[in-house]
Amino acid sequence: MTLTAGSRLGPYEVLAPLGAGGMGEVWRARDTRLGREVAVKVLPDPLAGDAVALARFEREARAVAALSHPNILAIHDVGREGTTVYSVMELLEGETLRSRLREGPLPPRKALEFAREVASGLAAAHEKGIVHRDLKPDNLFLVRTGQVRILDFGLATPVAEPGPEDSRLPTAEPATGPGAVLGTVGYMSPEQVRGRPAAARSDIFSLGAVLHEMLTGRRTFQRGTAAETMTAILREDPPELTLASGHVSPALDRIVRRCLEKEPEERFGSAHDLAFALEAVSGSSAEGAALPAVARAGPRLARWATLLAVAAAGV
């Protein structure tokens, strides 16, 4: 089905295109029942007949529908019109983080704020058993009201059900290498590069790469080819943040490096822990609110977070 302005998908009247990618086109549309504008994502006709692509599309809808969080894109509906399969999402006004980064690095305060919100959204997803697996600036949307929304759970998978077939599929992103890995080259965790199942700490690695890029304005592990980039992810340390910006605190540098540890068990134990650490560095968490979070995190993180807060206070 070829969409144009004025086309109908069930109760939704198509108004204008918003964007397109390998996993679908996104259109601005009007919900004629509720009288509101929405975003409609349509699976391309060739992929609608592909059982694997259709499963990924439907998995995104189920994953997002299972979540209710201010930092995750809300999904309203899914449907089919003839051979056209679509999902209906909230309409966002703003720009992607990728678009914003074309202007250069973000101030550390703003990068911290965005990273903390993303960590909070990931924590909610992980609690529901969902791992994103393709976190990158293109999938983070900066809403005009100031919030960040996590987009595109098309590669998301239940934590306990990694799905062996997924490890053989490339994404639609041009920077994604074909073959045995799933994700976007430059943001994949080492375990994803190796073709192993991704768990919650894989998202933490990806967020670390995004945070590093927000602070420096440069892709953390980007090299001349996809193979060289993947080798850098596996073997090389991220560039020193203090060399890229004199305003990055040692405490924040430690957070980024812990996110980017090569071994999953050496990263933060959870996205909740990461969100707490980012809050401590930002200096915006009240002492009374921080103590319960530290206690829940356990003695080891509690000691680490206390040292982190002290270091941050001196910056």
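Numbering starts at 1 and runs along the sequence shown. Computation of the quantities below employed the complete heavy-atom set of this structure, encompassing side-chain atoms and omitting hydrogens, waters and symmetry-equivalent molecules. What you see is a predicted model, and the numbers here were worked out from it, not measured in a lab.
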Examine L151 and V78 and state if one hydrophobic cluster contains both, with Ile, Leu, Val, Met, Phe, Trp and Tyr joined whenever side-chain heavy atoms are less than 4.5 Å apart.
yes
Working to the nearest 0.5 Å, report the span between CG of L101 and CZ of R219.
9.0 Å
Please evaluate residues I150 and L73 with respect to the criterion side-chain contact (heavy atoms from CB on, under 4.5 Å), reporting the C-alpha separation (whole Å), side-chain torsions for both, the decisive distance (0.1 Å), and the verdict.
CA-CA 6 Å; I150 303 174; L73 178 73; over 6 Å; no
Closest approach of V281 to A251 (non-hydrogen atoms, all atoms of both residues):
CG2-CB, 4.0 Å
Any sub-3.5 Å donor-acceptor pair from R218's side-chain atoms to P239's backbone N or O?
no
side-chain contact (heavy atoms from CB on, under 4.5 Å) partners for E113, two or more places apart:
R109, K110, E117
Sub-4.5 Å side-chain heavy-atom contact between V210 and Y187:
yes
side-chain contact (heavy atoms from CB on, under 4.5 Å) partners for E261, two or more places apart
E266, R267
For S202, which residues count as a side chain to side chain donor-acceptor pair (under 3.5 Å) partner, sequence neighbours excluded?
S189, E191
Approximate separation, where rounding is to 0.5 Å, of I75 CD1 and I72 CD1
12.5 Å
Applying side-chain contact (heavy atoms from CB on, under 4.5 Å), run through V26 and V42 and close with a yes or a no.
CA-CA 6 Å; V26 181; V42 178; over 6 Å; no
Sequence neighbours excluded and cut-off under 3.5 Å, please list the side-chain donor-acceptor pairs for residues 139-146, or say none.
{"unit_1": "N139", "atom_1": "ND2", "unit_2": "D134", "atom_2": "O", "d": "2.8"}

L97 and side-chain contact (heavy atoms from CB on, under 4.5 Å): which partner among L106, V148, V118?
L106
Considering residues at least two apart in sequence or located in another chain, which fulfil the salt bridge (charged side-chain N to carboxylate O under 4.0 Å, His left out) criterion with E127?
none
Quick one: closest heavy-atom pair of A66 and K128, and the distance?
O-CE, 3.5 Å
Between the CZ atom in F268 and the CZ atom in F276, the distance rounded to the nearest 0.5 Å is 10.5 Å
How close do L274 and C259 get, counting heavy atoms only, and between which atoms?
CD1-SG, 3.6 Å
Residues which pass side-chain contact (heavy atoms from CB on, under 4.5 Å) with R33, listed by chain and number, not counting sequence neighbours:
P11, Y12, D31, D77
Counting only N and O atoms by type, is there a donor-acceptor contact under 3.5 Å from the side chain of R8 to the main-chain atoms of G6?
no
In short, M89 meets V40 closest at the heavy-atom pair CE-C, 4.5 Å
Non-neighbouring partners of S120 that pass side chain to side chain donor-acceptor pair (under 3.5 Å), sequence neighbours left out
H69
Measuring only between side-chain heavy atoms, which start at C-beta, is I255 closer than 4.5 Å to R258?
no
Tell me, do V185 and M230 make a side-chain contact under 4.5 Å, heavy atoms counted?
yes
Let me see the working for R30 and R36 under side-chain contact (heavy atoms from CB on, under 4.5 Å), right down to the final yes or no.
CA-CA 6 Å; R30 181 176 178 272; R36 65 180 177 183; over 6 Å; no
For a side-chain contact (heavy atoms from CB on, under 4.5 Å) check, start with the C-alpha distance between W27 and L9, then their side-chain angles and the critical distance, and finish with the verdict.
CA-CA 11 Å; W27 293 77; L9 292 172; over 6 Å; no
Which heavy atom of F221 sits nearest to which heavy atom of K262, and what is that distance?
CE2-NZ, 3.8 Å
CG of N71 to CG of L122: how many Å apart, nearest 0.5 Å?
9.5 Å
Under the 3.5 angstrom rule, does the side chain of S99 hit a backbone N or O of T96 as a donor-acceptor pair?
no
When you group the ILVMFWY residues by side-chain heavy-atom contacts below 4.5 Å and let the links chain together, are V14 and L18 in the same group?
no
Could you tell me whether the side chain of P105 reaches within less than 4.5 Å of the side chain of T216, counting heavy atoms only?
no
Answer yes if the side chains of Q192 and R194 hold a donor-acceptor pair under 3.5 Å, and no otherwise.
no
For the pair T220 (side chain) and A209 (backbone), establish whether a donor and an acceptor sit closer than 3.5 Å, ignoring hydrogens and angles.
yes
State whether D152 and R133 are salt-bridged, where the test is any N-O pair (Lys NZ or Arg NE/NH1/NH2 against Asp/Glu carboxylate O) under 4.0 Å.
no
Stepwise, does the salt bridge (charged side-chain N to carboxylate O under 4.0 Å, His left out) test hold for R102 with E95?
CA-CA 11 Å; R102 294 191 183 103; E95 63 179 343; over 6 Å; no
Check salt bridge (charged side-chain N to carboxylate O under 4.0 Å, His left out) between R100 and all other residues, then give those that pass, not counting sequence neighbours.
E103
Mind checking what makes salt bridge (charged side-chain N to carboxylate O under 4.0 Å, His left out) contact with E37, not counting sequence neighbours?
R28
Can you name the side chain to side chain donor-acceptor pair (under 3.5 Å) partners of E228, sequence neighbours left out?
T225
Pairs flagged by salt bridge (charged side-chain N to carboxylate O under 4.0 Å, His left out) wherever residues 197-217 is involved - sequence neighbours left out:
R98-E213
According to side-chain contact (heavy atoms from CB on, under 4.5 Å), who are the partners of A275, at least two apart in sequence or on a separate chain?
A119
Please tell me whether K136 and T184 have a donor and an acceptor in their side chains that are separated by less than 3.5 angstrom.
yes
What distance do L215 atom CG and L252 atom CG have between them, rounded to the nearest 0.5 Å?
5.5 Å
Sub-3.5 Å donor-acceptor pair from the side chain of T231 to the main-chain atoms of A227, do we have one?
yes
Below 4.5 Å, heavy atoms only, C-beta onward: do K41 and E25 meet side chain to side chain?
no
Heavy-atom check, side chain of L278 versus side chain of L211, under 4.5 Å:
yes
Minimum heavy-atom distance G186-I233, with the two atoms named:
N-CD1, 3.9 Å
